[in-house]
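What follows is a short report on a single structure.
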Amino acid sequence: MSKADEMFKELGYKKNHTQLGDIEYYKDDDNVIYFYLAYKKFNKSGEYDGMCDYITMQELQVINEKVKELGWLDE
């Protein structure tokens, strides 16, 4: 398990892979963070209605770590 995966787990998130192969970290219906690998983008959204909580500082730290692990900063 990667450092970012461990950090997400500590925040209560579970990791899933979407049908398109993207990465999803799911906490509850209002806290889902997607990493779109083909586009090198991420977003936080609600599972069903698009409504979500704000990104916390802890989540931002984990997102930054995941971006590093994915090599998105190297370009």
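Note that the coordinates shown come from a computational prediction; the quantities given were computed from them, not determined experimentally.
Tyr39 and Leu20 fall into different hydrophobic clusters, where Ile, Leu, Val, Met, Phe, Trp and Tyr are joined by side-chain heavy atoms under 4.5 Å apart, directly or via other members. Two different hydrophobic clusters hold Leu70 and Tyr34 under the rule that ILVMFWY side chains link at heavy-atom gaps under 4.5 Å. With hydrophobic clusters built from ILVMFWY side chains whose heavy atoms lie under 4.5 angstrom apart, Tyr26 does not share a cluster with Leu11. Side-chain heavy atoms closer than 4.5 Å link hydrophobic residues (I, L, V, M, F, W, Y) into clusters, and following such links, possibly through other members, connects Phe35 to Met7.
Rounding to the nearest 0.5 Å gives a distance of 8.5 Å between CG of Asn31 and OG1 of Thr56. Here the CD1 atom belonging to Ile55 is positioned 6.5 Å from the CD1 atom belonging to Ile33, to the nearest 0.5 angstrom. One distance of note links SG of Cys52 with NZ of Lys27; it measures 12.5 Å at 0.5 Å rounding. Between Lys3 atom NZ and Glu65 atom CD the span is 4.5 Å, to the nearest 0.5 Å.
A side-chain donor-acceptor contact under 3.5 Å links Tyr36 and Asn43. Side chain to side chain, Glu69 and Ser2 meet the donor-acceptor criterion of an N or O pair below 3.5 Å.
The backbone N or O of Tyr54 lies less than 3.5 Å from a partner atom in the side chain of Lys44, making a donor-acceptor pair. Between the side chain of Lys68 and the backbone N or O of Leu73, no donor-acceptor pair lies under 3.5 Å. Proximity of a side-chain donor or acceptor of Asp22 to a complementary backbone N or O of Leu37 within less than 3.5 Å is detected. In terms of modelled atom types and a separation under 3.5 Å, the side chain of Glu47 and the main chain of Asp30 share no donor-acceptor contact.
Other residues, nucleotides and ligands contribute over 12 non-hydrogen atoms within 6.0 Å of the NZ atom of Lys15. Counting heavy-atom neighbours within 6.0 Å of Met51 CE, excluding the residue itself, gives a total of 12 or less.
In this structure, the side chains of Tyr13 and Glu59 come closer than 4.5 Å at one or more pairs of heavy atoms. Val62 places none of its side-chain heavy atoms less than 4.5 Å from the side chain of Glu10.
Ring geometry for Tyr25 versus Phe8: interplanar angle under 30°, hence parallel rather than tilted (30 to 60°).
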